[in-house]
Structures are given as C-alpha cells and as structure tokens.
> 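Here it is, the structure, as structure tokens.
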Amino acid sequence: MKTRINLLALLCCVGLLGLPAPSLGRATVPPPDVASYDITATYDPETHTLTGQQTAVYHNRTAAPIPNLVFHLYLNAFRNTETLWMRESDMGMRGYGFDPNAPGWTRIDQLSLADGTVLTVKALDDDETLVEVTLPQPVAPGESISVDIAFTAQFPKVFARTGWADSGDFIFGGQWFPKFGVWESGAWNAYPFHANSEFYADFGRYDVALTLPQDWIVAATSTATSGVVANSDGTATHTFVAEHVIDFVWSASPEFREMTREVEGVDVRVVYYPRQRAMARRALEATTGALPLYNAWFGTYGKGLYPQLTVVIVPPDAGGAGGMEYPTLFTVGALGGPMPACLRLIEVETVHELGHQWFQSVVATNEAEEPWLDEGFTDYATVRATNALYDGNLVDCAGWTFSYLAMHRMQYVMFPDTPMAGAAWDFDSMQYGIATYSKPLLALITVERTVGETAMQQFLSTYFDRYAFAHPRAEDLRAVMEEILDAEVAAWFFDQLVHDDGVLDAHVVAIDAEQATLERDGDLCIPTTVRVTHDGRHTPETIAWSCDQPTLTIDGAPRMVEIDPNGAIVLDQDLANNRLRRAPDPVTGLGILVRGLRFWQDFLWGGAVW
C-alpha cells in the first residue's frame, strides 16, 4: 500500500489516498533541489557491509506543511524469504534466484536533527522497507529540514539490482541508503517495496565519499570529475558530486578495466572485467550510436546538465545486477555473457537502458504507480534505435532474422486485453511485461505510423522538453498528445488502450466476383484505410475505414483488398488475415493453365523465341 499523510490528521499515522496527484508543474532547468544527501560511507568487501553517515535535506517546495518524514529502506526486502517482495517474486527475478544464506538489509542506527535531537524511527510495514519519523514541528512551505542519519547496510549476494558477486570482488551498490519518499499534494508518496515495482524520487544533489580498498576501481552516478585520496590504512576514499539527479548508485571491483569515448559532448565510460572486453566494445558502440539518435528525437541528454555517462558491464555471476538504469549510469549483462555478434542481445539491452536516461532519469515518472510511462517510452525508443542501427533485428544469424518488435508482438498477443494503467503490483509477471513494455511499445509505434514521423517527432520532443526534471502523470502526457497530435488519437490511445482492455482483429471475411466483406472483431478501433485492387490495368484505390463501420462492404468486383496496407496498426492481433486475393474463376484458371502448358512446350521443344 502507499503511505500518504493526510493534512486533516497531521498527528495521526500514515494513511491512504486513492488517486494519484497531478503533476507538480512543468520543467525548470536546472531544477531546484528537493531531496539532497551528503553521504560518507565505508565498504568492507570481506563482510559485504557498509557503514555510513548521511545528512539528508528535504526542501518543502509545496504549499502543504510536512508533519513527518518517510524513508525507504529497500534492502530490507532481501533480509529473509518471508518478506512481501520475496513472496510476490517467489524468490526470483529475471531468471536469477535469491540466496537465503547471503541476505541484505539496512538499519538506521540513529537519526537526529541538526541540533542533536534524536528522533524515533517507526516501521510502516512488516518488513521495514518503509519507515516514518515524526517531527517536533511541521516543515512549513518554502522551508527545509536537515537530519543526520547513521546507518549500516548489509548487501545481499547479487540479486534484484544490487549486491556482491565474484567471491566478493564485485559490488553493485543500488538502493543502499535511507532515501526520502516524495512529498506531493499534502502526502508522502511512498510504498512498501514490491517485487514488480521500481522507484520514484525527487531531484537533488548528492555529495558522496566512499572508502574502499586502494586497488578497487569505482564507477558511480556523477556530474563532475571525481576525486580519490589514498589513506594510510590501505584504503582509498573516492568522492563524487551528482547534481539534478533522482538517485545515486555505485559499483566497484579490483578487476575493473575501462574504455572511453566522447560523443556529442558527453564522456562515455564503460567499465568491465578483462574477459569481457569484446562485450564492453559492443556496449560502447551501441551507446555512442544511440545517444545522438535520442538527442535528436527527444532532446539533449540530461538537458545539457550531465557531461558524463557510465556503463557497467556486470561480471558473469552478477547478472541480477544487469539491465538496470540510474541517472548517468546503467548496467548491462542481465542476459548473460559473451555471445555471437549476430545475436544482438547486448546491443538491445544497451540501447534500452540508455533510453531510460531520458524517460525516468530526467522525465521522472512514477515507476510504482504508472510503470508503463517510462518502460513503454524506453522500449519504443529501443525499437527506433534498433531500426536505425541494426535494421530492427534482435537476431540476424545465417540469413534468419527476428526483430525486437516481433518479439514484443509475440508477448502482446498472449494477453492483449491487459490494460496499461495500473500500479506495478496490480499485475502478475506476464501481465506486467505486457502492460508495461509490450503493449505501450506497440501502441506508440501505432501512433507514429498513424500520424507520421514528423508529427510524432514534435510530440516526443514537446513532452520531453515540457516535463524534463518534473514528475508528469498519464494525464499530462494525454494533454500533450491532444495538443500536438489530436483529440481523436489521444482518445483511442488512452480510453481504449491505457485504461481499457480493448483488442482488435481486423480481417477480410470473404471476397468474390461481386464484393469483399471486412470486419473488425474486438472493442478496440483505430481508424485505418483499405487498399482495393480491381485489376492489373488501374491504380489501386485507397478508401477510409472509420470506427463507425464495424463491417465494411466493398463492391465492384475487387480482385484484392488489403486492410491497413502501410502496416500502421501493429496492435492488430492477427496480421495474416488483413489481406485476401480473389481466387480466379474456372474459365480464367483454364486459360492460365493452357498458356502455361504452351510456354513449357515451346521451351522444351525449341519453339521459344529468345
């Protein structure tokens, strides 16, 4: 459940509000800090434990006073096999299992105000993935509050985006520190950690100092040049500054190597294990190939505020940390280790995670309440990038090709009546994949092919520009779609696909010497066209098929009809029945046979004229 603080009960416990809040406004570049952290931490690779001290500052930029603070302690989802996260996931994620002998957890050792006043921390769920701190007095609008937190984090063996691997020589620090919820519309938007759910956070500044063994190389979220100081005890302290970001992650290993390249003013860095050099090179090529495309389609990476980008290739036994996005850093390796070049799984994983730098890291939608908004747009970007870079192919081996778009169509047609709207935990794993990835991807491709690339380009760039460094909701996206495209497109997209379970199978029922009959099955309707061929002497005609015609009859002895001849509606459940040619009548068929026999007679017995 979601925790929300109702202003009518300032001194009462956390409660629920049913509807999502509207967007908190449009883009401000650079954005004002809301949630900022100054963290000093030491990691022990022998025990996989981190001890930290953080000063966390929350700026109240709303019109409602804040009576308490709510923090996420995400690692507590992995402290045993009985947590909500573990029950929902059956202790597995993306093919990787949880090791109950190597759990993870976060503990707040002390939390106090800047004046030293110690505050009481109260768990809001059984697993303590969400905790509350009641304040002596509310934080007024326009004011801020600073708290000092001493904490300890035990990392699990790599699982679900975080943890250690390679006998302790690799660590990926995700969801590792006590993190504010989001205060909006007079309430805290924060939930217990669910298995399907990802994250939602405010923008702010991170000043982080990490101490590790001296020979370890560190990669982290950063928007400035990092520093490192060697300590007399054989450790080194790495310092990072990240501004205008919604999260901070880091990864480290004594085995890391790196390769770099500059593209369109961005310093791209790939870190990898020595035996992964070929994989790293492929990820670097994909990143530097797709980044200029995304800049052109959506807007400049980080709106020009992020001068660098890091790609972490996770080692083979750390696949559970692969395939994940964070501001200025993403990971690759969820799909396994090295593979033939004709299998472009590395490239597709790379361009997908890169796309999240636009949709979620900058256009910071709520991944818990509306997961389709970031994953759908990112997978749409992935299809466009694979089309531009790899002819659309996920596989291109020995003459056999299979596209990323086709893969998602296969998934979609399993349960096409799954609405896109819904919180992450409203879906089982299969439905989540369809509602969050496949269906929105296919819906956006359909929009693009319906309105044309020029209009789609304007829509995408307007949405990104308007809501960069903001928290838009689905209704904000709809408003942009209505403004840039039109209300009819927004209506079928949102009313029939986002919020409803409409499906579509447009097909040719029959065609004979007099007419053709076409029908639509299902509640979904997207206006389309039909191409009609009457004979070989005249140009085919194109006629409109509107939504007020569930059945369309075409007279005039058509020879062939093709529904949606440009292939715009990739949501159609069965594309094979969209086209039908009239069979020749017996007399015509006899004439074709006679002409065929005459040709072969002339050819075989020397009668052909060359």
> With no hydrogens and no angle check, just 3.5 Å: does a side-chain donor-acceptor pair link Asp233 and Thr235?
yes
> Is any side-chain N of the basic residue among Arg473 and Glu184 closer than 4.0 Å to the acidic one's carboxylate O?
yes
> Looking at Tyr191 versus Trp425, is the centre-to-centre ring distance below 6.0 Å?
yes
> Given the rule in the side-chain contact (heavy atoms from CB on, under 4.5 Å) test, do Thr365 and Glu370 qualify, once you have shown the distances and angles that lead to the verdict?
CA-CA 7 Å; Thr365 52; Glu370 297 180 302; 5.8 Å; no
> Applying ring-ring contact (aromatic ring centres under 6.0 Å, His included) to His408 and Tyr404, what does each step give before you reach the verdict?
CA-CA 7 Å; His408 277 291; Tyr404 190 62; 4.7 Å; yes
> Using distance alone, with no hydrogens and no angle criterion, decide if Gln360 and Thr378 have a side-chain donor and acceptor under 3.5 Å apart.
no
> Side chains of Asn393 and Thr386: is there a donor and an acceptor less than 3.5 Å apart?
no
> Please lay out, stage by stage, how Gln154 and Thr49 fare under the test side-chain hydrogen bond (donor to acceptor under 3.5 Å, both in side chains).
CA-CA 5 Å; Gln154 174 69 54; Thr49 303; 2.8 Å; yes
> Between Phe330 and Gln357, which heavy-atom pair has the shortest distance, and what is it?
CD2-NE2, 4.1 Å
> Should Arg269 and Glu262 count as an ion pair when the cut-off is N to O under 4.0 Å?
no
> Indicate whether the side chain of Arg257 and that of Tyr273 have a donor and an acceptor atom separated by less than 3.5 Å.
no
> Quick one: which of Arg61, His471, His59 gives a side chain to side chain donor-acceptor pair (under 3.5 Å) with Asp202?
His471
> Work out which heavy atom in Pro45 is nearest to a heavy atom in Gly168; give both atom names and the distance.
CB-O, 3.9 Å
> Would you check if the distance from the ring center of Phe155 to the ring center of Phe78 is below 6.0 Å?
no
> Which residue pairs pass the disulfide (SG to SG under 2.5 Å) test when at least one of the two sits in residues 238-318, sequence neighbours left out?
none
> Does Gln411 form a side-chain hydrogen bond (donor to acceptor under 3.5 Å, both in side chains) with Ser438? I'd like the steps, not just the answer.
CA-CA 7 Å; Gln411 183 181 38; Ser438 297; 2.3 Å; yes
> Could you tell me whether Arg87 and Glu82 make a salt bridge, using a distance below 4.0 angstrom between a side-chain N and a carboxylate O?
no
> Please tell me whether Glu369 and Asn189 have a donor and an acceptor in their side chains that are separated by less than 3.5 angstrom.
yes
> How close do Gly174 and Val249 get, heavy atom to heavy atom, and via which atoms?
CA-CG1, 4.1 Å
> Which pair of heavy atoms, one from Phe427 and one from Met420, lies closest together, and at what distance?
CZ-O, 4.1 Å
> Has Asp126 got more than 12 heavy atoms of other residues, nucleotides or ligands less than 6.0 Å from its CG?
no
> Work out which heavy atom in Leu210 is nearest to a heavy atom in Phe240; give both atom names and the distance.
CD1-CE1, 4.3 Å
> Could you name each residue pair satisfying salt bridge (Lys or Arg N to Asp or Glu O under 4.0 Å) that touches residues 33-58, not counting sequence neighbours?
none
> Decide yes or no for Phe177 and Asp247: does some side-chain heavy atom of the first lie under 4.5 Å from some side-chain heavy atom of the second?
yes
> Would you please indicate yes or no on a ring centroid separation below 6.0 angstrom for Trp372 and Tyr432?
no
> Test Tyr37 against every option in Tyr206, Phe248, Phe71, Phe151 by the ring-ring contact (aromatic ring centres under 6.0 Å, His included) rule and name the one that passes.
Tyr206
> In this structure, which one of Tyr463, Trp358, Tyr294 forms a ring-ring contact (aromatic ring centres under 6.0 Å, His included) with Phe377?
Tyr463
> Please report the C-alpha distance between Glu375 and Lys439 in whole Å, then the side-chain angles of each, then the deciding distance to 0.1 Å, and finally whether the salt bridge (Lys or Arg N to Asp or Glu O under 4.0 Å) criterion is met.
CA-CA 10 Å; Glu375 295 295 354; Lys439 189 171 182 178; over 6 Å; no
> By the disulfide (SG to SG under 2.5 Å) test, which pairs, at least two apart or in different chains, include something from residues 314-374?
Cys342-Cys397
> Are Glu325 and His352 close enough that a side-chain donor and a side-chain acceptor fall under 3.5 Å?
no
> Does Val29 reach the side chain of Leu305, with side-chain heavy atoms less than 4.5 Å apart?
yes
> Shortest non-hydrogen contact from Lys157 to Trp164?
N-NE1, 3.3 Å
> Is it the case that more than 12 heavy atoms not belonging to Met407 sit under 6.0 Å from its CE atom?
yes
> May I ask you to check whether Thr55 and Asp148 show a side-chain donor-acceptor distance below 3.5 Å?
yes
